[in-house]
Protein chains: 2
Amino acid sequence: MSRRPPATVAVTVDLVVLTIRDGGLRVLLIERGNEPFRGEPALPGGFLRPEEDLDAAAARELEEETGLRGLHLEQIGAYGAPDRDPRQRIVTVAYLAIMPDLPEPLAGSDASGAAWTPAAEALDGRIRLAFDHADILADAVELARTKLEQTTLATVFCPAEFTIAELRGVYETVWNTDRIDPRNFHRKVLGAEGFVEATGERRALETGRPASLYRRAGEVRGLYPPMLRP
Amino acid sequence: MSRRPPATVAVTVDLVVLTIRDGGLRVLLIERGNEPFRGEPALPGGFLRPEEDLDAAAARELEEETGLRGLHLEQIGAYGAPDRDPRQRIVTVAYLAIMPDLPEPLAGSDASGAAWTPAAEALDGRIRLAFDHADILADAVELARTKLEQTTLATVFCPAEFTIAELRGVYETVWNTDRIDPRNFHRKVLGAEGFVEATGERRALETGRPASLYRRAGEVRGLYPPMLRP
DNA sequence: AAAATAGTGTCTATAAGACAATATTCT
DNA sequence: AGAATATTGTCTTATAGACACTATTTT
């Protein structure tokens, strides 16, 4: 192996925290307190600590931002363009986190101005993100879309108990697609092994027949047959 | 954001280079020349250079090891357990590279004793790899198996021109599966858009009707309908 | 009753998998 | 001719998607 002095690199962990609020996909953004990009929106994140695994760093950052532990978290990938941070060489490992839309404001956030921002506005450039965070967000959303097809990930957007119609809403929102046929969707979800299980309860909305409530059946896992994207 | 001294981290890029030789999936391993794990097999890799993107570092390492450019290369993920290297804190970004089985020995390898090793022996522990490289290899093989289902990746295991039977052999080898029905496979490959295109040539083996030759149709892309794993 | 949503049943088109049959080569 | 592999065709079964219909609630 050729021997050259290794680059002096700092490693950070950045988070793409997604939820669905007001019928739209939203991403948790902070307002940067320091240069560069001071005052501009960015993904939350921070430096990897000396004795910390990458996954642990992502879980710690997530708890610092949201006050919540045990949320779904998976690695997106590493980003290391040499000029992605103008101060110094930084390689970041990005993680995707997904949570239900909780009514309480996010507790414990140490960032100035964390806010749920419509993902579409950051993806199409109406909101300009710092660094290469728009690229990371785009990869994250694409990953979420694919995982919705092939795993039971959609359930982690939902609260502990949810209706099939709410689960269908997750697919429609994340895929940004027209109305999925409620009847075929219903039959397919209940027919898939290990997706949801009935609680026995029902929930009455304003009008119409009350819907049965379901909960996530165990951990997020592969889905067979997959939910095909239209 | 909390301000703590960032960890002093070195970033490396490691490669999982796969090919199919003698009917088996093989991975390119080097024999380590330095401590730790001196003399033991490991994935090839090296330090990220100061002005280099991660993808560029992977391509450079791949060329140093194989003498080849333009091979298929994609990121697997980042690995950063604090004790994964006993000397210092190292975060590595792993890449999957796939190449056809070339008859020439690998040129330009600057490692002592690069060798094509059966992947199964490293996966089941008959061969013990340095660091966490067995984990990385396992993730790489799983990624390759999934990409075979959903993309035209199988063609990059093949030389420029190949028969449908050879392509089928790639699936059987990487999936480590029983014989795939040659007739259904044949029909499905030719029916998929943008998978292979006929060269017009034929190739005669020792016996049997000569098979038509095909080449990869463009770049690796998504496959619809996917090739379902048995 | 009317409106609205939940849930079931039925039909059609598509694709997967099993496998028969034909085609083309070598020995 | 016989053996071997390639290629095409046919049949059965499973699933996606369209959509009619029934069920249960509120107004």
Side-chain angles (χ1 to χ4, degrees), chain A residues 23 146 148-150 152 154 158 161-173 175 177-215 222-230, chain B residues 23 148-152 154 158 161-173 175 177-215 222-230:
Chain A
T146 302
L148 243 56
E149 282 192 273
Q150 293 161 4
T152 63
C158 296
E161 301 198 339
F162 52 87
T163 67
I164 302 294
E166 286 170 343
L167 186 66
R168 176 163 48 85
V170 171
Y171 279 91
E172 290 170 343
T173 299
W175 283 349
T177 188
D178 281 354
R179 191 175 170 77
I180 296 170
D181 188 289
R183 300 161 293 185
N184 293 333
F185 182 85
H186 192 281
R187 182 160 29 83
K188 191 156 187 188
V189 167
L190 295 188
E193 195 76 19
F195 200 173
V196 300
E197 57 189 27
T199 65
E201 305 291 309
R202 309 180 139 254
R203 174 191 298 164
L205 281 305
E206 301 83 35
T207 179
R209 172 175 169 175
S212 295
L213 286 171
Y214 296 85
R215 70 174 72 87
L223 196 55
Y224 189 83
M227 303 292 291
L228 294 181
R229 216 192 305 195
Chain B
L148 242 57
E149 281 192 273
Q150 292 162 5
T151 72
T152 63
C158 296
E161 301 198 339
F162 52 88
T163 67
I164 302 295
E166 286 170 343
L167 186 66
R168 176 165 46 86
V170 171
Y171 279 91
E172 290 170 342
T173 299
W175 283 348
T177 188
D178 282 352
R179 191 176 172 76
I180 296 171
D181 188 288
R183 301 161 291 185
N184 292 336
F185 182 85
H186 193 279
R187 181 159 32 83
K188 190 155 186 188
V189 168
L190 295 189
E193 195 77 18
F195 200 175
V196 301
E197 57 188 28
T199 65
E201 306 290 307
R202 309 181 137 254
R203 173 191 299 165
L205 282 305
E206 302 81 37
T207 178
R209 172 176 168 174
S212 295
L213 287 171
Y214 296 84
R215 68 174 73 88
L223 196 55
Y224 190 83
M227 303 293 291
L228 294 181
R229 218 195 299 197

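Every chain is numbered from 1 and lettered A, B, ... according to where its sequence line falls, protein lines coming before strand lines.
Here the C1' atom of nucleotide D:dA18 and the NE2 atom of A:His186 are 18 Å apart, to the nearest Å. Distance B:Met227 CE to C:dA15 P: 14 Å, rounded to the nearest Å. Rounded to a whole Å, the CG atom of B:Leu167 is 15 Å from the C1' atom of D:dA6. Atom CD of A:Glu166 is separated from atom C1' of C:dT5 by 13 Å (rounded to the nearest Å). To the nearest angstrom, P of C:dT5 lies 17 Å from CG of A:Leu213. Taking atom CG of B:Leu223 as the reference point, atom C1' of C:dA15 lies 14 Å away to the nearest angstrom. Spacing between atom CG of B:Leu190 and atom C1' of D:dT8 amounts to 11 Å, rounded to whole angstrom units. Taking atom CZ of A:Arg203 as the reference point, atom P of C:dG7 lies 12 Å away to the nearest angstrom.
Between A:Ser212 and C:dG7, a side-chain N or O to OP1/OP2 separation shorter than 4.0 Å is present.
Annotation: salt bridge (charged side-chain N to carboxylate O under 4.0 Å, His left out) contacts of B:Arg187 (sequence neighbours excluded): none. Partners of A:Glu149 under the salt bridge (charged side-chain N to carboxylate O under 4.0 Å, His left out) rule, at least two apart in sequence or in another chain, are A:Arg229. For A:Thr146, the side chain to side chain donor-acceptor pair (under 3.5 Å) partners are A:Glu142, not counting sequence neighbours. Residues passing the salt bridge (charged side-chain N to carboxylate O under 4.0 Å, His left out) test with B:Glu201, sequence neighbours excluded: none. When the side chain to side chain donor-acceptor pair (under 3.5 Å) test is applied to B:Arg202, no partner is found at least two apart in sequence or on another chain. Annotation: side chain to side chain contact (heavy atoms under 4.5 Å, CB included) contacts of A:Ala198 (sequence neighbours excluded): A:Tyr214. Residues forming a salt bridge (charged side-chain N to carboxylate O under 4.0 Å, His left out) with B:Arg203 (at least two apart in sequence, or on another chain): B:Glu166. Judged as a side chain to side chain donor-acceptor pair (under 3.5 Å), and not counting sequence neighbours, the contacts of B:Arg215 are B:Glu197. With sequence neighbours excluded, no residue forms a ring-ring contact (aromatic ring centres under 6.0 Å, His included) with A:Phe195.
For the helix from C:dA1-D:dT27 to C:dT27-D:dA1, the angle separating the two terminal helix axes comes to 10°, with each axis derived from five pairs and the value rounded to 10°.
Side chain of B:Lys188 to backbone of B:Arg183: no donor-acceptor contact under 3.5 angstrom is found. Remark: side-chain polar atoms of B:Thr163 are not paired, donor with acceptor, to backbone N or O of B:Ser212 under 3.5 angstrom.
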Where along nucleotides 22-27 of chain C does protein come under 4.0 Å, by heavy atom, of base (B) or sugar-phosphate alone (S), with - for untouched nucleotides? -BBBS-
All N/O contacts under 3.5 Å from nucleotides 13-17 of chain D to the protein, with atom names and distances to one decimal?
unit_1: D:dA16; atom_1: OP1; unit_2: A:Lys188; atom_2: NZ; d: 2.3

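In this model, a side-chain donor or acceptor of A:Arg183 finds a partner on the base of D:dA20 within 3.5 Å.
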